[in-house]
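Inspection log for the structure reproduced underneath, given as structure tokens.
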Amino acid sequence: MKRTGAQIVWECLVKEGVDVIFGYPGGANLPIYDAMRGYPSVHHVLPRHEQGGAHMADGYARVSGKVGVAMGTSGPGATNLVTGIATAHMDSIPMVFITAQVTSKLIGYDAFQETDVTGITLPITKHNYLVTEVKDIMPTLREAFYVARSGRPGPVLVDISKDAQQATIDDWEYDDSPIRLKGYRPDLRPASASIQKAVEMINAAKRPLILAGHGVLMSNSMEEMRQFAEKANVPVAVTLLGIGSIPASHPLNLGMMGMHGESWVNHAIQEADLLLAFGMRFDDRVTGNLKTYALDAKKIHIEIDPSEINKNVKVDVALVGDLKEIMRQINPLVGAGDRGDWLQHVAEMKGNVAVRDIQNLPDNGHLYAAHVINDLWRFASPDTVITTDVGQHQMWSAQYYRVDKPHRWVTSGGLGTMGFGLPSAIGAKFACPNCEVWTIAGDGGFQMTAAELSTIAQEGIKVNIAIINNGFLGMVRQWQEFFYDKNYAATPMKSPDFVKLAEAHGLKGLRVTERSQVEAAIREAQAYEGSVVIDFRVEQEDSVYPMVPAGADLHAMIRRPSVLVETPQDQ
């Protein structure tokens, strides 16, 4: 078959099982777009900004489990993808970014819209490539998908010069032979001696605790972890990205740990005698002050990336490899644990902690974000996909929206990217078209990518948007309140009329100002055929509690004023 380089790009996408791509055309990638209509099995979505396209592909990958694909042209098209690439890199999302480069003869001469995108993205990709010859397009793209999805997943960028896209190969055939890369061996298996030592520590522990991270979901080890927890009678704490790895309704699920985690969870970590870290990397927002972190606990770390072992927290046993495979080896060897005293103690800590849940406060007419999010959870189906932006509403969503199914919670964890919520919801809808999809966004983050409402309108998809509108850059304002003597510099925010903005895009807009209006608005949005934007005007100076100040001890939490009930550890 005679094929141009541009056609080969599409042939490879089809062979890799790609059914949707989020891309933006430009001068350098016009050959790829010229060939696009010859491949109707791949649906192309046109975002309004390349960053939005990157987040769409990210949301698609998180919900579908497939490799997300985003595309941009050279120069600013490629650099506009950078924030989305970094977001995927921090959260280990399998993605392939295809960018176009100027003609190879012009590379290095500051040609129009030339940017060294491989140099720019080197620190934020798992790997990247510059392709200047047509013969290298297929093997490079095949490697890119393999690297993106294998081992610890991550984003891979392939930059293809315009002349390579235009060149032809007369007798081209797709090569589907197994990929073998020198020096890249992602399928690591732990030594049996390490497995045995870990089992002995587990069986001997009196106060064990599982720390479930994003790796549980990425490795699809949810069932294996649940079986382990139930057999050994070990409670589970989840990271922000580990939400959904075990049902929120499961009796062994304690809730989220860390800076805005549940206070009883953080105290349990500090009192545990064994921490079992499953697919998590001991991020600073999880540990607080490392010098005082879980000093009485031995630590077992199961992680596919050896570079994460002992990077932040020194561990006693490291099991490097695929979590699912390791759990299958461990589960038959652990004993049925009698840890009733430990579970009872954790339950008592939970019972003695202040009622920071404002759902239990009198409904005095004020509309709080927690009201909105808790009601949304109550009225949504368990299969609903929730994406969030970044800020206070993100933490409230983690606290008040109880996720029972895996891959139904999508948020930017490591990079904390404002503007992520709306486009990631669009990608999630393409990944699960029959699912109800909501994005919960702050008024600040929403405006960063609000132009993607036009993408929703053009694609004719249904995504509901809940804007938690408090008139501030809320999380920054909270830090200013707590640590900068309420010096609200540059955080008050004037927003457009979000109802009119929705209507300008041909969507439905609603506004809610009172608690009594919340249910009706959610029900109306669910029943409406198209997408709905709801402007929830919430209390302006509400804060997220509890909060561990940056660098503080994990148990040194700021609690909600006036309803504080101290635990024995605080007295």
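We number each residue from 1, following the sequence as shown.
Atom CD of Gln113 and atom NZ of Lys162 lie 10.0 Å apart (nearest 0.5 Å). The NE2 atom of His49 sits 6.0 Å away from atom CD of Gln51, with the distance rounded to the nearest 0.5 Å. The line from CD1 of Ile98 to OG1 of Thr140 is 11.0 Å long, rounded to the nearest 0.5 Å. Distance check: Asp316 CG to Lys197 NZ gives 6.5 Å after rounding to the nearest 0.5 Å. Here the CZ atom belonging to Phe22 is positioned 10.5 Å from the CD atom belonging to Glu452, to the nearest 0.5 angstrom. Once rounded to the nearest 0.5 Å, the distance linking CE of Met225 with CG of Leu252 reads 10.0 Å.
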Pair Leu13-Tyr39, side-chain contact (heavy atoms from CB on, under 4.5 Å): steps then yes or no: CA-CA 10 Å; Leu13 293 176; Tyr39 299 87; over 6 Å; no
Candidate pair Thr132 and Ser161, rule side-chain hydrogen bond (donor to acceptor under 3.5 Å, both in side chains), full reasoning: CA-CA 5 Å; Thr132 58; Ser161 67; 5.5 Å; no
Residue pair Val45, Val20: steps toward the side-chain contact (heavy atoms from CB on, under 4.5 Å) verdict: CA-CA 7 Å; Val45 177; Val20 61; 3.8 Å; yes
Candidate pair Thr87 and Thr417, rule side-chain hydrogen bond (donor to acceptor under 3.5 Å, both in side chains), full reasoning: CA-CA 7 Å; Thr87 301; Thr417 305; 2.6 Å; yes
side-chain contact (heavy atoms from CB on, under 4.5 Å) assessment of Met256 paired with Ile243: CA-CA 8 Å; Met256 188 175 71; Ile243 290 173; 4.2 Å; yes
Test log, rule side-chain hydrogen bond (donor to acceptor under 3.5 Å, both in side chains), inputs Thr388 and Thr411: CA-CA 5 Å; Thr388 82; Thr411 195; 2.6 Å; yes
Full working for ring-ring contact (aromatic ring centres under 6.0 Å, His included) between His127 and Tyr184: CA-CA 11 Å; His127 195 51; Tyr184 182 66; 8.7 Å; no
Residues His301, Phe278; criterion ring-ring contact (aromatic ring centres under 6.0 Å, His included); working and verdict: CA-CA 6 Å; His301 194 179; Phe278 290 174; 9.8 Å; no
Check against side-chain hydrogen bond (donor to acceptor under 3.5 Å, both in side chains), Thr118 and Asp116: CA-CA 6 Å; Thr118 54; Asp116 179 12; 3.1 Å; yes
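Remark: the Gln101 side chain and the Asp159 side chain contain an N/O donor-acceptor pair separated by less than 3.5 Å. A donor-acceptor contact closer than 3.5 angstrom links the side chains of Thr439 and Thr387. With 3.5 Å as the limit, one finds no donor-acceptor pair spanning the side chains of Gln394 and His260. Under the 3.5 Å distance criterion, with hydrogens and angles disregarded, no donor-acceptor pair is assigned to the side chains of Asn312 and Tyr293. Judged purely by distance below 3.5 Å, without hydrogens or angles, the side chains of Gln7 and Glu11 never pair a donor atom with an acceptor atom. A side-chain N or O of Asp404 and one of Ser249 form a donor-acceptor pair less than 3.5 Å apart.
Side chain of Asn128 to main chain of Leu157: no donor-acceptor pair is present (N/O by atom type, distance under 3.5 Å, no hydrogens or angles). When atom types are taken as modelled, the side chain of Asp389 and the backbone of Gly442 share no donor-acceptor pair closer than 3.5 angstrom. Checking side-chain atoms of Asp163 against main-chain N and O of Ser104 turns up a donor-acceptor pair under 3.5 Å. At distances below 3.5 Å, at least one donor-acceptor pair connects side-chain atoms of Asp91 with backbone N or O atoms of Gly413. Listed for the Ser424 side chain is a donor-acceptor partner under 3.5 Å among the backbone atoms of Phe420. Without hydrogens or angle criteria, Gln165 side chain to Ala28 main chain gives a donor-acceptor distance under 3.5 Å. Judged purely by atom type and a 3.5 angstrom limit, Ser64 has no side-chain atom pairing as donor or acceptor with the backbone of Ala431. Of the possible polar contacts, none joining the Glu436 side chain to the Pro382 backbone as a donor-acceptor pair under 3.5 Å is found. Under the 3.5 Å distance criterion, the side-chain polar atoms of His44 are left unmatched by any main-chain donor or acceptor of Ile21. Looking only at distances, a side-chain donor or acceptor of Trp10 sits under 3.5 Å from a matching main-chain atom of Ile32.
Annotation: side chain of Thr121 is in contact with side chain of Val117 (closest heavy-atom distance under 4.5 Å). Side-chain contact between Ser150 and Lys126 is present, with heavy atoms from C-beta onward closer than 4.5 Å. Annotation: side chain of Thr455 is in contact with side chain of Met56 (closest heavy-atom distance under 4.5 Å). With a 4.5 Å cut-off on side-chain heavy atoms, Val286 and Leu240 do not count as touching. Between Pro31 and Thr4 the shortest side-chain heavy-atom distance does not fall below 4.5 Å. With contacts defined as side-chain heavy-atom distances shorter than 4.5 Å, the pair Phe145/Val69 qualifies. Looking only at side-chain heavy atoms (C-beta outward), Val158 and Leu141 come within less than 4.5 Å of each other.
A pairwise comparison of heavy atoms in Thr73 and Gly27 identifies OG1-N, 3.8 Å as the closest pair. For the residue pair Ala297 and Leu274, the shortest heavy atom distance occurs at CB-N, 3.9 Å. Nearest approach of Glu459 to Leu46, heavy atoms of both residues: OE2-N, 4.3 Å. Considering all non-hydrogen atoms of both residues, Ala277 and Met280 come closest at CB-SD, 3.6 Å. Closest approach of Leu415 and Thr83 over heavy atoms only: CD2-O, 3.8 Å. The shortest non-hydrogen separation linking Thr287 to Leu290 is OG1-CD2, 3.5 Å.
The pair Arg3-Asp170 does not count as a salt bridge, with every side-chain nitrogen at least 4.0 angstrom from each carboxylate oxygen. Between Asp176 and Lys15 there is no salt bridge, since no side-chain nitrogen of the basic residue lies less than 4.0 Å from a carboxylate oxygen of the acidic one. Between Arg281 and Asp283 a salt bridge is recorded (basic side-chain N to carboxylate O distance below 4.0 Å).
Within 6.0 Å of atom NZ in Lys314, 12 or fewer heavy atoms from other residues, nucleotides or ligands are found, so the atom counts as exposed in its surroundings. The environment of CG in Asp171 is sparse: at most 12 heavy-atom neighbours from other residues, nucleotides or ligands sit within 6.0 Å.
Residue pairs meeting the salt bridge (charged side-chain N to carboxylate O under 4.0 Å, His left out) criterion with at least one partner in residues 297-312, sequence neighbours excluded, are Arg152-Asp305, Arg152-Glu308, Glu308-Lys311.
Relative to the ring axis of Phe228, Arg328 does not place its NZ or CZ within 45° and under 6.0 Å from the centre.
Tyr24 is linked by a ring-ring contact (aromatic ring centres under 6.0 Å, His included) to nothing, counting only residues two or more places apart in sequence or in another chain.
For the side chain to side chain donor-acceptor pair (under 3.5 Å) with Glu16, the qualifying choice from Arg149, Lys66, Arg142 is Arg149, the only one to do so.
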